[in-house]
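Data block below; observations after.
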Amino acid sequence: MLTKSSVTESKRHQFFHRVDWLMIAILLLAAFLYSWQIWKVGATNDFYTVTITSMLKSVKNFWYASFNSFGTVTVNQPPVALWLMAMSAKVFCLHAWSVILPSIVLGVGSVALMYQLVTPYFGRFAGRLAALALTLTPAVVANSRTNNLDATLIFTLLLALLLLQKAITLQRLCWLLSSFALVGLAFNVKLLQAFLILPVMMLVYWLATRQPWQRKLQHLSLAFLTLAITTLIWPLSVDLTAKPANSNHYVALSLVYNYQANNQVLSQSTATTTKQSHTRPKPVKTTTASAAPVDQPQPKATKTDSGFLSLIETKLGTQISWLLPFAVFGTLGGLAYYRRKQRRWYQLTKEQQQILLWAGWLLPAYVSFALAHQYQSFYLVMLAPPIAALVGITLKVLIRQYHLSDMNNWQYYLLPLAIVTTACLQAWFVNPYYPWLSWLMLATGSFVSFILISSRRRRAIKLLIATGLMTVAVAPTWWSLTPAIAATNGTQGTTTLLTKAQQDSNTRVSSKLLCYLEKHNAGAKYLFATDEAATAAPYIVKTGHPVLSVSGFNRQSDTVTLAAFKQLVKTGQVRYFYAVDGAASSAITNWVKTNGTKITGETQQVTTPAPRPKQTNSTHTPQLTPQQTTGQLYQLSPTITQ
C-alpha cells in the first residue's frame, strides 16, 4: 500500500525525470550570452531607439512607427518588432537595456523553440545539441544584444514551424492556419524575408499529411488566405488612413513590392525612413509622400563577390558559417540514414521530412545571400536556425553511420569529412586573429579524420571523435562569448574577438552645440534641423526633443521639400539648421547657406563624433571607430521667406 509520502516522492522523481536539466543549463547560457553587461552598453541602434521614443508620445505614432514625435517621418519597416520594444520601454522606462529586452527574451525563446522542434522527432540529445548550436552562433548572440528586428523575426518563424508540426501531427486545420498566420505576422516584422520558408512549409505539409490531395489543396488555399490577411492588415491600414491627399500612391504596398522585393529579400537594404507630408491637416500627421529608401547608421553594407563561396569569406563567415560544412554533410547522411527500403524514393519518412524542412529553409536563404552583392552582416542570422537544427539532428546519425558502415560504403566517410572540412573552414576564419591556433585546428582536424578513416580501433574511436568535435566547437564558442565579456551590444550585428567597441549616443552629441540650442531655441517646434537622420538621432535620444532631418541617414532621399521647409521656417517651427561638412548639397542645404546667418564664436564649426564606423580593407571584422565630423550652425529667421 502506497503511503502519502511515497506518492509525493514518486511525483517528485517523475518531475525531475521529465525536466531536461541540461536544456535548462543551455537556456541559462543563452540568457547569459544575450544579456550579460547589457546595462553597461551605451546606445543601441539609434534609428530604432529614436522611433521608439516617438512611438511613446501618442497612439498614432505607435501605430505608424513614427521616427519623430510630430509624426512627420516614419520608418519603412513594419512596426511589430518596434511595438514590442515600445511596450518594454513603456513598462521599464526608456533605457538602452529596455529596448533590447524583447530581443533578449525572444532570443532565449528561440533556443527553447529549437529544442521543442527537434526533440519529438530525434530525441533529447539532438534537441539539446541543436539548441546549443543556435545559442553559440555569433550572429544570434549579436542580434539578441541589440534592438534590431531579426531576433523577433527568427522567433516568429520558429513558432510558425512548431505550429506546422502540430498541424501535421494532429491533422488539424486550425494549427495550419495559425502557422501561416504567424508567417504573415513575421512579414510585418521584416517584410519579404519572412517568406523564404513558405515553399518548404507547403512542400512538407503536402508530403506529411495523410489526406486526399483535394483536401490538402483546400487546406493550403485556406492557409494562403489567412497568410494574405495577416500580411496585408497593417500595410492596408496605413495606405487607407495615411495616404497623402490628392495622391493615388499607395505607400506601404509600394514599398513592399517595389524596393523591398528587389533588395530586402537579397539582404541589400537596412531600415529606412519615408518622407511624410508636413502640410497635411490634423489629426493625421503620419502621411507618407514618397518612399525612397535610405541606409540607417549601421556599418556600410559589406561588399562581396556574389557566388556560393561568398558566405565563407572571413568577414561574413565568422558570424554564421562555423558549422555550415557539418550541416551539409549531416543533411546527406541524415536523408540516407532514415530512409526505408520498402518505400519508394518519393515517400519520405517523418525524420526525412524534418531534415527536408530545415534544408528547405537553409538553401533558399543561402542562395539569396550568395546572389546579393552587398548586405548587412546581421541579416545572416536567417541562416542560423537551419544550420543549428541540421547539426543537432545529424551528429548522432553521422557517428552511427561511421560505426555501422565499412570502408566500401560512402556513408563511412561522412563523419571524417565533416570534421576535417569544418576544421579547415574554421582555421581560415581564425587565421587573421590567431595564426598559431588556426594551424593547430587544421592539424588536429586533419589528424583526427585521417585516423578515423584508416583505423578501426574501438578504444581510440570515442576519444578521436570527442577530440574532433571539440576542435570544431572551441572557436565559435569563444567568438560568441566575447560580446558579453567586452560588454558590447551587437549594434553592428557582428561579434568580434574582444573588440570593446561600444557605441554611446552621448559621445556623438556635442555638448557645446546642445547647450547653445537649448538656450536660444525660443520655443521652436524643432530643436534644430540637419542634413540627415544619423546626425539627428543622438540628440533626440539624449534630449527627447524633436530634431528635423531633411533627408535620410545617407542623404539618398528627402523627407521634406524645400517649399515645406520654408513654411516651417516662416512659422517659426525651425530656427536653426546644422549643416554637416562634406554632406551632399541639397536644395534645402543650399538655401540655408545662402539665406541663413552663420552662428559665429564658440558654436562655429562644431565638431561631433560621427555615428558611422570606420571601414578597413583588412580581412578583420570592421570595428567601430568614431570619426570626427565638423559642421556649421545657421540661424533661420522667419523673415527670410517673405
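All figures in this text were calculated on a predicted structure; none of them were measured in a lab.
- Once rounded to the nearest 0.5 Å, the distance linking CG of Leu452 with CG of Leu417 reads 10.5 Å.
- The side-chain hydrogen bond (donor to acceptor under 3.5 Å, both in side chains) search around Thr119 returns none, not counting sequence neighbours.
- Without hydrogens or angle criteria, Thr169 side chain to Lys166 main chain gives no donor-acceptor distance under 3.5 Å.
- For the pair Ser438 and Asn431, the tightest heavy-atom approach, listed with the atom from each and the gap, is OG-OD1, 3.1 Å.
- Judged by distance alone, the side chain of Trp479 and the main-chain N or O of Val430 form no donor-acceptor pair under 3.5 Å.
- Within 6.0 Å of CH2 on Trp83 lie more than 12 heavy atoms contributed by other residues, nucleotides or ligands.
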**Request:** Evaluate side-chain contact (heavy atoms from CB on, under 4.5 Å) for His95 paired with Ile100, printing each intermediate quantity in order.
**Result:** CA-CA 9 Å; His95 304 286; Ile100 299 175; over 6 Å; no

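- With values rounded to the nearest 0.5 angstrom, Tyr205 atom OH is found 13.0 Å from Met202 atom CE.
- Atom-to-atom distance recorded for His403:NE2 and Leu415:CG is 8.0 Å, nearest 0.5 angstrom.
- Side chain of Gln352 to main chain of Leu335: a donor-acceptor pair is present (N/O by atom type, distance under 3.5 Å, no hydrogens or angles).
- Thr156 places no side-chain N or O within 3.5 Å of a backbone atom of Ala186 that could act as its donor or acceptor partner.
- Side-chain atoms of Leu191 and Pro78, non-hydrogen and from C-beta on, do get closer than 4.5 Å to each other.
- Arg145 contributes a side-chain N or O that, together with a main-chain N or O of Leu33, makes up a donor-acceptor pair within less than 3.5 Å.
- Between Val472 and Ala423 the shortest heavy-atom distance is CG1-N, 3.9 Å.
- Formation of a donor-acceptor pair under 3.5 Å by the Ser88 side chain with backbone atoms of Ser98 is found in this model.
- Atom CG of Leu383 sits about 12.0 Å away from atom CD of Gln319, to the nearest 0.5 Å.
- Considering Thr230, Val80, Leu227 in turn, Val80 is the only one that fulfils the side-chain contact (heavy atoms from CB on, under 4.5 Å) rule with Leu185.
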**Message:** Apply side-chain contact (heavy atoms from CB on, under 4.5 Å) to residues Ser110 and Ile154 and explain how you reach the verdict.
**Reply:** CA-CA 7 Å; Ser110 295; Ile154 295 303; 4.1 Å; yes

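- Between Leu136 and Leu29 the shortest side-chain heavy-atom distance falls below 4.5 Å.
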**Asked** Given Ile393 and Val118, is the side-chain contact (heavy atoms from CB on, under 4.5 Å) satisfied, shown in steps?
**Response** CA-CA 7 Å; Ile393 290 170; Val118 173; 3.8 Å; yes

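- From Leu207, atom CG reaches atom OG1 of Thr349 across 11.5 Å, with rounding to the nearest 0.5 Å.
- Side-chain N or O atoms of Gln165 include one that pairs as donor or acceptor with a backbone N or O of Leu117 at under 3.5 Å.
- Formation of a donor-acceptor pair under 3.5 Å by the Trp361 side chain with backbone atoms of Leu357 is not found in this model.
- With a 4.5 Å cut-off on side-chain heavy atoms, Ser368 and Leu196 count as touching.
- Sparse packing is recorded around CD1 of Ile233, with 12 or fewer heavy atoms of other residues, nucleotides or ligands lying under 6.0 Å away.
- The shortest non-hydrogen separation linking Leu414 to Gly333 is CD1-CA, 3.5 Å.
- Between Ile461 and Tyr402, the closest side-chain pair of non-hydrogen atoms falls below 4.5 Å.
- Under the 4.5 Å side-chain criterion, counting only non-hydrogen atoms from C-beta, Leu153 is not in contact with Phe187.
- Counting heavy atoms from C-beta on, the side chains of Thr331 and Thr394 never come closer than 4.5 Å.
- Side chains of Ser103 and Asn147: a donor-acceptor N/O pair is absent below 3.5 angstrom, by distance only.
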**Request:** Could you give me the CA-CA distance, side-chain angles and deciding distance for Phe326 and Leu395, then say whether side-chain contact (heavy atoms from CB on, under 4.5 Å) is met?
**Result:** CA-CA 8 Å; Phe326 219 107; Leu395 174 60; 3.6 Å; yes

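- A donor-acceptor distance shorter than 3.5 angstrom exists from the side chain of Gln37 to the backbone of Ile485, with no hydrogens or angles considered.
- Among all heavy-atom pairs drawn from Ala160 and Val183, the shortest one is CB-CG2, 4.0 Å.
- Scanning all heavy atoms of the two residues, the minimum distance from Ile104 to Ser144 falls at CG1-O, 3.3 Å.
- Side-chain atoms of Arg128 and Tyr115 include no donor-acceptor pair closer than 3.5 Å.
- The shortest non-hydrogen separation linking Asn188 to Pro235 is OD1-CD, 3.6 Å.
- You'll find the side chain of Met201 reaches within 4.5 Å of the side chain of Ser179, heavy atoms only.
- In this structure, Leu158 and Pro385 have side chains that are in contact, with non-hydrogen atoms separated by less than 4.5 Å.
- Residues Tyr338 and Phe122 place their aromatic rings such that the two centres sit under 6.0 Å apart.
- Remark: side-chain polar atoms of Gln353 are paired, donor with acceptor, to backbone N or O of Leu348 under 3.5 angstrom.
- Ser449 contributes atom OG, which lies 5.0 Å from atom CD1 of Ile419 (distance to the nearest 0.5 angstrom).
- Checked against a 6.0 Å centroid threshold, the rings of Tyr379 and Phe369 do not count as neighbours.
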